[in-house]
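Everything on this sheet refers to the single structure shown next.
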Amino acid sequence: KAGVTQTPRYLIKTRGQQVTLSCSPISGHRSVSWYQQTPGQGLQFLFEYFSETQRNKGNFPGRFSGRQFSNSRSEMNVSTLELGDSALYLCASSFPPQETQYFGPGTRLLVL
Amino acid sequence: AQSVTQLDSQVPVFEEAPVELRCNYSSSVSVYLFWYVQYPNQGLQLLLKYLSGSTLVKGINGFEAEFNKSQTSFHLRKPSVHISDTAEYFCAVTLINDYKLSFGAGTTVTVRA
């Protein structure tokens, strides 16, 4: 089976812009989670989707949003980018009942 | 809420020597436990997991971990490391039906010849 794929792999944006990241889960997986990884804060949970519904959300401002489509693919959006949003954004998928999350290679976002 | 503490931020080790990475968690309810590895410029790869059953869990690449409920620990071990084991290792915990992982700060393992 193909693993979790994320596009794009690298992205450079400027402050104030918005960005959309995409994640395709492993075939048959219906849960998709997003995490932010930074040197200062480590790995932090953003949100999780299952069957197009957000089931859990981390402690991030409303500028961070996501959605899931009927084919389980997911997107996350960050509006009004700040320098501190520079990070590696990781997507993970799992097959319910939720137990093990499998991660993609990540999207590295640089905000200038 | 659950939390994870990885007791060592950096572990240098010589090739073919054993290594142990320590992880403690705090939770008042039952949890699932995981170890992931991250190589430079890559995502996270699952090494092993504890869901239930035997407290000694074997994973990929010769790694194993032992779940100790009384000490709330889940330490990772490998009897003989290779240069290719140089990476960052993360311990993670999730509550059953919580749908999110809480990670430790990570342990950087550097294997020298």
Side-chain angles (χ1 to χ4, degrees), chain A residues 2-7 9-10 21 23-26 29-51 53-60 66 68 74 87-108 110, chain B residues 1-10 21 23-25 27 29-53 57-60 63 65 67 74 87-108:
Chain A
V4 178
T5 58
Q6 292 187 244
T7 56
R9 291 292 310 279
Y10 303 93
L21 312 181
C23 171
S24 292
I26 293 170
H29 286 194
R30 294 169 62 193
S31 169
V32 173
S33 301
W34 289 88
Y35 295 83
Q36 181 196 63
Q37 185 179 24
T38 60
Q41 299 299 317
L43 282 152
Q44 295 184 285
F45 171 77
L46 281 157
F47 27 65
E48 187 264 354
Y49 288 88
F50 175 74
S51 290
T53 300
Q54 186 182 91
R55 293 194 298 190
N56 207 340
K57 188 178 189 305
N59 188 25
F60 279 82
Q68 186 181 34
S74 177
L88 180 66
Y89 290 88
L90 293 163
C91 168
S93 74
S94 64
F95 180 77
Q98 189 274 342
E99 50 172 59
T100 306
Q101 295 188 22
Y102 296 91
F103 285 80
T107 294
R108 188 166 295 280
L110 177 61
Chain B
Q2 70 276 25
S3 65
V4 179
T5 301
Q6 291 184 240
L7 296 150
D8 307 291
S9 60
Q10 301 206 27
L21 308 184
C23 172
N24 286 96
Y25 69 94
S27 174
V29 297
S30 295
V31 298
Y32 294 146
L33 294 154
F34 306 84
W35 276 98
Y36 287 89
V37 60
Q38 186 175 36
Y39 300 102
N41 300 314
Q42 293 189 26
L44 301 177
Q45 180 182 3
L46 178 69
L47 278 176
L48 47 77
K49 60 186 177 185
Y50 173 79
L51 305 179
S52 64
V57 179
K58 293 191 183 299
I60 63 171
F63 285 94
F67 170 60
F74 190 54
E88 189 159 20
Y89 293 79
F90 293 94
C91 181
V93 63
T94 183
L95 301 180
I96 297 168
N97 294 324
D98 190 28
Y99 318 121
K100 73 174 188 181
L101 289 169
S102 296
F103 286 90
T107 298
T108 300

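Quick caveat: nothing in here was measured; it's all calculated off a predicted structure. Chain naming here is simple, since letters A, B, ... match the order of the sequence lines and numbering starts at 1 in each.
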Exercise for the section: Say whether, by atom type as modelled, one donor and one acceptor occur between the side chain of A/Tyr35 and the main chain of B/Leu101 under 3.5 angstrom. Expected result: yes

Exercise for the section: Give, as side chain, backbone, both or neither, the part of A/Gln44 having an atom under 4.5 angstrom from any heavy atom of chain B. Expected result: neither

Fill in the blank from the handout: Whatever's closer than 4.5 Å to a heavy atom in chain A on B/Gln38 counts as side chain

Handout entry: Nearest-0.5 Å distance, NZ of residue B/Lys100 to CG of residue A/Asn56
Key = 5.5 Å

Exercise for the section: Might you point out which heavy atoms bring A/Gln101 and B/Tyr36 nearest each other, and give the distance in Å? Expected result: O-OH, 2.6 Å

Handout entry: B/Leu44, part contacting chain A, at a heavy-atom distance under 4.5 Å
Key = both

Problem - Region of A/Leu43 in contact with chain B, defined by heavy-atom distances below 4.5 Å - result: both

Fill in the blank from the handout: Okay, A/Leu88 and chain B: the region with an atom under 4.5 Å from a heavy atom over there is side chain

Problem - Portion of A/Phe47 that has a non-hydrogen atom of chain B nearer than 4.5 angstrom - result: neither

